[in-house]
Asker: 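This structure is in structure tokens; I'll ask about it shortly.
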Amino acid sequence: MLTIADVSKSYGTRELFSDVSLFIARTDRLGLIGPNGAGKSTLFGLILGEEKPDTGTIEWERGADFGYLPQESAPAGDETILHIATSGKKLEPTDDDYDIDYTLEPRAKKILAGLGFKEGDADKLAKTFSGGWVMRAHLARLLVAEPALLLLDEPTNHLDLEALLWFQDYLTRYPGGLVVISHDRAFLNALCTGMLELRAGTLHYYHGNYDNFLTEKEARKEQQAAAFKNQQREIAHLQVFVDRFGAKASMASRAKSKEKQIERLKEAAVEEPTEELRKMNFKFPQPPRSGLKVITLEHIQQAYGTHVVYKDLNFQAQRGERIVLVGPNGAGKSTLLKILADVIPTQGGTRELGTNVVPGYFAQNRLDNLDPDLTVFENVMSLRTNENQLTEQQARAILGAFLFRKDDVHKPIGVLSGGEKSRLALARLLVKPPNLLLMDEPTTHLDIQSIDSLVGALKNYEGTLIFISHDVHFIRALAQTVLHVHSGRLTPYAGNYDYYLEKSKSTDARFALTAGFTDARPKQAAAAPAAKAAPAAPAAKKPTPNEIRKFREEVGQLEKKVAELEAKQAEITASLEDPASYADKGKFHHLNRELSTVVDQIATATTAWEAAVTKLTEMEK
């Protein structure tokens, strides 16, 4: 479908890549990875024809079409969400009604719903939605059009986990080819049959998904190191002969032959394996030791309008704990983290820090941690105090560890990418290291190398860590306790993420992050035996496999209903958190009434679902 032959591209004196060759078939599902700045998006631009290669050719098979999703879309105009979603299909109705695709609009609405749009959104103007939601509409446009090849640049950045899982499942059944730039390991593992790594100006191809790539890359590195060592040993051996006999007339011709052999070996020599370039390299300075009890919440009351998030909430974290918060969207995970960080007021209860506790909050919206009116360097220097006596040299050293070098430190915050904002927010934590670290989605916008660097730094961190993440790899590497948040309740699992999966009987590691199940209740103590055993009741009729299957489908429908209501609750809650909602009293009261109704519906639906799950468990025994 697409042939790339000997393509090179440079900007000034900087060569991005050279002699890149690649063949993409209609059934290929390829992940394109590499460090930030390696040229991944530029390679997409060349494929799309938006840029011209310095050398080489790019040829499409005749009749092949493609769809492209950039990292950011242009501002929306006066078109509706549905218009964007259907604009990828070039339909020109004629007098023949058979040329009209009557399935187009229903398919578009179904895909929009899968990506998180609610009923009625399709007919609204796109410019009334945030940029992230407009990107979802453009993603729907590609899926509706079904081009032969999808080119996706970080498509999951604007998706919550529910929409991401739907999108991932949809792509597994997509009839065309796929090339995707992504830093999401689980996404790449689920979809890819091949990996393309753009590194040091060269494109490397690996079979299989991301995990296969890691294994094969390490094997190649070991083979390359062994070959390099053997060649250097042979060159050194030949050089000894040349040095020893080169000056002797009787051996001159043989020495000259050995010199030519050395030159041939050097020309064809295998390069020595090098470490990855431009990788974050930092450690959290060990913070002051806190008391055993780090933070305590007692009888916390928290609500947005009439929507009660927590009622009589109690929680305590002890020194050195590593806790991950999981649960459905809108259940209150971020709210709990903000309460712990003391960035939002509560309606009741107490929050008490332990002895010598210094909290640090890493917000999901990175701008909450940054001053948009300052440069990168000024954002770090603004943390200077009489106590830390931060110097300009120290600030530059910290920023250098997070890949801000030379003139990068003078960039204004407004021009930073999502990854750069995340790295800067992390850098600020090093100036005044907290011993209670509260992190909300810390891996968002970070590339895979940076995520690995963050994992390494946090493994050596001696303080207390409480975090939210949708990255299963990140969670498995760090969490020692899982706290499930649902319906205002906290259910602790005193073990790592795999322990949580086992105890909650979850079969999908990603779905379990937002599952709305409740904890399996401990078995009740057996009742004391009666003085005289009652006559045995007739055995209940065992349900047939068909009856179990039908009831399992009913349970699935109930669970889907709960998930839809919780998504609606989260959306209304987000609107109530927006100060603009309070300016319009009518809108505010309407949202409150709608939220109250949804909360009641969630309670009813959850009760029905839990009862059905209990009955299904009994049927399957």
Side-chain angles (χ1 to χ4, degrees), residues 291-319 321 323-355 357 359 361 436 438 440 464-468 481-494 500 503-504 513-524 562-563 565-570 572-577 591-611 613-614:
L292 180 61
K293 292 182 180 180
V294 174
I295 190 166
T296 302
L297 303 179
E298 291 186 341
H299 309 299
I300 292 294
Q301 311 285 328
Q302 177 62 33
Y304 296 110
T306 59
H307 169 49
V308 177
V309 182
Y310 293 112
K311 182 179 181 181
D312 198 30
L313 172 70
N314 296 291
F315 170 79
Q316 186 176 96
Q318 296 192 339
R319 183 179 60 233
E321 283 192 301
I323 303 170
V324 61
L325 307 180
V326 302
N329 283 349
K333 301 187 297 294
S334 292
T335 297
L336 176 56
L337 213 60
K338 290 175 182 178
I339 292 171
L340 292 169
D342 200 27
V343 297
I344 59 172
T346 58
Q347 279 80 43
T350 59
R351 169 187 178 272
E352 183 179 353
L353 292 178
T355 306
V357 172
Y361 177 52
L436 170 58
L438 306 162
D440 197 344
T464 304
L465 174 64
I466 305 175
F467 68 99
I468 301 168
T481 299
V482 177
L483 194 63
H484 187 263
V485 184
H486 182 48
S487 300
R489 301 189 301 273
L490 306 183
T491 304
Y493 291 78
Y500 160 71
K503 293 300 180 183
S504 62
L513 287 172
T514 57
F517 48 75
T518 55
D519 189 27
R521 295 183 178 86
K523 292 182 178 179
Q524 300 298 315
V562 171
L565 287 169
E566 287 174 340
K568 189 172 184 179
Q569 175 190 17
I572 299 170
T573 301
S575 298
L576 284 169
E577 289 178 328
L591 287 171
N592 265 321
R593 286 194 299 272
E594 188 177 7
L595 187 56
S596 179
T597 302
V598 170
V599 170
D600 290 340
Q601 290 173 340
I602 288 175
T604 303
T606 301
T607 301
W609 176 75
E610 290 176 352
V613 169
T614 302

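Residue numbers count from 1 along this sequence. Note that the structure is predicted; figures quoted are calculated from it, not measured.
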Asker: Please tell me if the side chains of N314 and H299 come closer than 4.5 Å, counting only heavy atoms from C-beta onward.
Answerer: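 Side chain of N314 against side chain of H299, heavy atoms only: contact under 4.5 Å found.
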Asker: Before giving the answer on side-chain contact (heavy atoms from CB on, under 4.5 Å), spell out for V482 and V326 the whole-Å C-alpha distance, their side-chain angles and the decisive distance to 0.1 Å.
Answerer: CA-CA 7 Å; V482 177; V326 302; 3.7 Å; yes
Asker: Quick one: list whatever passes side chain to side chain donor-acceptor pair (under 3.5 Å) with Q316, sequence neighbours left out.
Answerer: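 So Q316 forms a side chain to side chain donor-acceptor pair (under 3.5 Å) with T296.
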Asker: Say you draw a straight line from CD of Q302 to OG1 of T335; how long is it, rounded to the nearest 0.5 Å?
Answerer: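 Atom-to-atom, Q302:CD and T335:OG1 are 6.5 Å apart.
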Asker: Would you say CD of E352 has more than 12 non-hydrogen atoms from neighbouring residues, nucleotides or ligands within 6.0 angstrom?
Answerer: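 No, CD of E352 has 12 or fewer neighbouring heavy atoms, counting only those of other groups under 6.0 Å.
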Asker: Rounded at 0.5 Å granularity, tell me how far CZ in F467 sits from CG in L337.
Answerer: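 One finds 10.5 Å between CZ of F467 and CG of L337.
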Asker: Using the test side-chain contact (heavy atoms from CB on, under 4.5 Å), find all partners of D342 that sit at least two apart in sequence or belong to another chain.
Answerer: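 Partners of D342 by the side-chain contact (heavy atoms from CB on, under 4.5 Å) criterion, ordered by chain and then number, come out as R351.
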Asker: When you measure from the side chain of Y310 to the backbone N and O of T346, does any donor-acceptor pair fall under 3.5 Å?
Answerer: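 Answer holds: no.
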Asker: Calculate, to the nearest 0.5 Å, the distance between atoms CD1 and CG belonging to I466 and L336 respectively.
Answerer: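 CG of L336 is found 7.5 Å from CD1 of I466.
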Asker: Evaluate the side-chain proximity of V485 to L490: yes if any heavy-atom separation is below 4.5 Å, no if none is.
Answerer: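 Contact flag for L490/V485 side chains = yes.
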Asker: Specify the closest pair of heavy atoms between R319 and T464, including all atoms of both residues, with the distance to one decimal.
Answerer: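 Closest pair (atom of R319, atom of T464, distance): CA-OG1, 3.4 Å.
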Asker: Atom NZ of K333 and atom NZ of K338: how far apart are they, to the nearest 0.5 Å?
Answerer: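 K333 atom NZ to K338 atom NZ measures 12.0 Å (nearest 0.5 Å).
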Asker: Do F315 and L483 have side chains that approach each other closer than 4.5 Å (heavy atoms only, starting at C-beta)?
Answerer: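 Yes. Closest side-chain heavy atoms under 4.5 Å.
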Asker: Roughly how far, to the nearest 0.5 Å, is CD1 of I323 from CD of Q318?
Answerer: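 Q318 CD to I323 CD1: 9.0 Å, rounded to 0.5 Å.
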Asker: Applying side chain to side chain donor-acceptor pair (under 3.5 Å), can you list everything that pairs with S334, at least two apart in sequence or on another chain?
Answerer: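 If we apply the side chain to side chain donor-acceptor pair (under 3.5 Å) test to S334, skipping adjacent residues, the hits are D440.
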Asker: So, taking the atom named NZ in K293 and the one named CG in L353, what distance separates them when rounded to the nearest 0.5 Å?
Answerer: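 Taking NZ in K293 and CG in L353, the distance rounds to 14.0 Å.
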